[in-house]
Amino acid sequence: RFQLFGDTVNTTARIEATGAKNQVHISRETSDLLRPAGKGHWLIPREDPVSAKGKGHLKTFWLDTFSGGEQEVKRGGGEEEDDDNFWADAEVSESKEDRLIDWQVDVFARLLKQVVARRRAQARDKFSKQKTIYQWKPAAGKTCLDEVKEIIALPEFDAKVASAQDNPETIDLGEKVNKQLRQYIGGIAGMYRDNDFHNFEHACHVTMSVTKLLSRIVLPSDLTYPEKVEVEGESGKVGTSKDRSGSSGRLKFDIASTLHDHTYGITSDPLTQFALVFSALIHDVDHTGVPNATLVKENSTLATIYRNQSVAEQNSIDMAMDLLTKGGFGDLQACIYSTEAEFERFRQLVIQTVLATDIADKELKLLRNARWETAFAETSGVEESPRDVVNRKATIVIEHLIQASDVAHTMQHWHVYLKWNRNFFFECYRAFKEGRTDKDPSEFWYKGEMGFYDFYIIPLAKKLKKCGVFGVSSDEYLNYALQNRKEWEERGQEVVASMKQAVEEQTLGFQNEPAEG
């Protein structure tokens, strides 16, 4: 007989022994082969680790090519552990990706609770009773780019709803929604390729920045409120108040109303905020590690599908939304949007926000600049309704929020900037070495970064400040941008030389690694 022994066989045997009936159980190594092929959404992370002789605790996955995560899988299974206390005593260290997924789940769960709380206040809480699956289908012959609008219409402030809304923290999303949320975010993580820069960690960094900016939206500094004390209102709700002179008021209502006007409606609509953070999560899904110009030059299939415009961005939207609408996430969908109108608004916000990250497309850039001039210039010469004026400003704030978040590292501490600048350099250098781009980035990186600061980053930070929405955060971003620009001018050439040496040594190390077996 012919027998095989070794690490691979031991791992395979352990995976087989701890599997589940009618389920495909795979290793992390196999999952790593599926992700670059665009099949990361097939992977469902197993909740409990597997112990293999000589390997310790392994992270494994269930393979589901049909539902994308809806199917119930019996966790564990297989033979019993010899030691009853094995799992109680085991210390399993989560990977960085697992920790990032956990953080994302927590962020999105809190946002979903706000969406549901608002829906209940509007007496439209039907998500748990009735599910309608809306498909992501652009009109025939159209792409996402065709759906970009000059103005996104946000809901007007509803005083009755604002005063009736319960504390979102009291909302229970339910086991199905929580499970599908985790599976969806895990699927999105798997759809990111193993690039140096455009990877899942970058998506999390952008998500963190969007969340931070939304949380730092403040009341306008030129408005004051009477000193008030909270009192208990109807049904035990806290929200009504009286000032010290004795006159009645509603502090919660006053602040909500003022914030709505000050932020052009962004802060008073939970679905808008959810869509912005969702867009940050998915904005670089399946990014190939090269710019759109390279995909067009190579006559790639994606470039053909998207007519050579915003290729990577449109692909990210379609892949992420296909997973959501076709991947068996019905309960999660019904929690996000319970009506066709909500679905269409969510769809429009995602398209507008993700496509705003394409800063290289000249046509989109001209449209955004014109929109800014119309909205914030002292004399635009354009006559429009007061509602359109507000919605135009909201659209601009949304676009600039995601753009600033996409390059947030340039407006943070120097060491944060260096980390991501290095990652991006590595990604561009690899593309050059692979023959996919024509120019060695080390030859233009130093001057290119200074130009990037002078003509994009610093003007963008100034626009954030001029919006008047983000309080001290806009000052913080601008100050860091100016400091990093100055330090780069002084140290940038030395940094570029160091980065080139590091990436070449790393590449050489990969080439000299002995073949397995």
Strictly distance-based, threshold 3.5 Å: is any side-chain N or O of [X] a donor or acceptor partner for the main-chain N or O of [Y]?
| X | Y | result |
| --- | --- | --- |
| Glu427 | His198 | yes |
| Thr211 | Thr207 | yes |
| Ser310 | Glu313 | no |
| Ser300 | Val296 | no |
| Thr353 | Leu349 | yes |
| Asn195 | Phe197 | no |
| Gln352 | Val148 | no |
| Trp488 | Glu449 | no |
| Ser215 | Lys212 | yes |

(message) Using the side-chain hydrogen bond (donor to acceptor under 3.5 Å, both in side chains) definition, which of the options Glu494, Gln493, Glu487 pairs with Arg491?
(response)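 Single pass found, and it is Glu487.
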
Is it true that the side chains of [X] and [Y] contain a donor and an acceptor less than 3.5 Å apart?
| X | Y | value |
| --- | --- | --- |
| Gln333 | Tyr337 | yes |
| Tyr417 | Gln483 | no |
| Thr395 | Glu399 | no |
| Arg193 | Thr288 | no |
| Trp445 | Asn421 | yes |
| Glu504 | Tyr429 | yes |
| Asp318 | Tyr306 | yes |
| Gln309 | Asn292 | no |
| Asn423 | Asp196 | no |

When you compare the side chain of [Y] with that of [X], does any pair of heavy atoms fall below 4.5 Å?
| X | Y | value |
| --- | --- | --- |
| Ile152 | Leu154 | yes |
| Gln183 | Phe329 | yes |
| Ile336 | Val115 | no |
| Gln114 | Phe274 | no |
| Tyr264 | Asn391 | no |
| Val105 | Asp102 | no |
| Thr410 | Asn484 | no |
| Asn479 | Glu476 | no |

[X] versus [Y], closest heavy-atom pair with distance:
| X | Y | result |
| --- | --- | --- |
| Phe432 | Asp438 | CE1-O, 3.6 Å |
| Ile266 | Ala394 | CD1-O, 4.0 Å |
| Ser279 | Val354 | CB-CG2, 3.8 Å |
| Ser316 | Asp284 | OG-C, 3.5 Å |
| Leu355 | Leu364 | O-CD1, 4.0 Å |
| Val496 | Ser442 | CG1-O, 3.8 Å |

Within 6.0 angstrom of [X] [atom1], more than 12 heavy atoms from elsewhere:
| X | atom1 | value |
| --- | --- | --- |
| Lys462 | NZ | no |
| Lys365 | NZ | no |
| Glu490 | CD | yes |

Lys/Arg-Asp/Glu bridge criterion (N-O < 4.0 Å) met for [X], [Y]:
| X | Y | value |
| --- | --- | --- |
| Arg110 | Glu169 | no |
| Arg182 | Asp106 | no |
| Asp269 | Arg345 | yes |
| Glu201 | Arg99 | no |
| Arg307 | Asp146 | yes |

Give, for atom [atom1] of [X] and atom [atom2] of [Y], the distance between the pair rounded to the nearest 0.5 Å.
| X | Y | atom1 | atom2 | value |
| --- | --- | --- | --- | --- |
| Leu332 | Leu173 | CG | CG | 9.5 Å |
| Cys204 | Met208 | SG | CE | 7.5 Å |
| Ile185 | Ile101 | CD1 | CD1 | 8.0 Å |
| Glu150 | Thr374 | CD | OG1 | 6.5 Å |

(message) For a side-chain contact (heavy atoms from CB on, under 4.5 Å) check, start with the C-alpha distance between Asp322 and Leu324, then their side-chain angles and the critical distance, and finish with the verdict.
(response) CA-CA 5 Å; Asp322 276 345; Leu324 179 63; over 6 Å; no

(request) Go through the steps for Glu344 and Gln348 under the test side-chain contact (heavy atoms from CB on, under 4.5 Å), then give the verdict. (result) CA-CA 6 Å; Glu344 290 300 330; Gln348 185 62 57; over 6 Å; no

(request) Step by step, work out the side-chain contact (heavy atoms from CB on, under 4.5 Å) result for Phe200 and Met191. (result) CA-CA 9 Å; Phe200 182 62; Met191 294 165 77; over 6 Å; no

(message) Applying salt bridge (Lys or Arg N to Asp or Glu O under 4.0 Å) to Arg485 and Glu489, what does each step give before you reach the verdict?
(response) CA-CA 6 Å; Arg485 165 63 170 82; Glu489 185 173 7; 2.9 Å; yes

(message) So that I know where these two stand, are Tyr192 and His287 an aromatic pair - ring centroids less than 6.0 Å apart?
(response)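 No, the ring centres sit 6.0 Å or more apart.
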
(request) Please assess Arg347 against Glu147 for the test salt bridge (Lys or Arg N to Asp or Glu O under 4.0 Å), listing each intermediate value before the final yes or no. (result) CA-CA 10 Å; Arg347 174 195 181 97; Glu147 299 183 38; 2.7 Å; yes

Would you mind writing out the side-chain donor-acceptor pairs for residues 400-409 within the sub-3.5 Å range, not counting sequence neighbours?
from   : atom 1 : to     : atom 2 : distance (Å)
His400 : ND1    : Ile396 : O      : 2.9
Gln403 : NE2    : Ala356 : O      : 3.0
Ser405 : OG     : Ser209 : OG     : 3.0
Ser405 : OG     : Val210 : N      : 3.4
Ser405 : OG     : Leu401 : O      : 2.9
Asp406 : OD1    : His202 : NE2    : 3.1
Asp406 : OD1    : His283 : NE2    : 3.1

(message) Students often mix this up, so state it plainly: with edges at 30° and 60°, are the rings of Phe108 and Phe278 parallel, tilted or perpendicular?
(response)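 The arrangement is perpendicular - the two ring planes meet at more than 60°.
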
(message) Assess the residue pair Lys297 and Arg436 against the criterion (side-chain contact (heavy atoms from CB on, under 4.5 Å)); give the C-alpha distance rounded to whole Å, side-chain angles, the decisive distance to 0.1 Å, and a yes or no.
(response) CA-CA 9 Å; Lys297 184 187 72 172; Arg436 302 190 70 184; over 6 Å; no

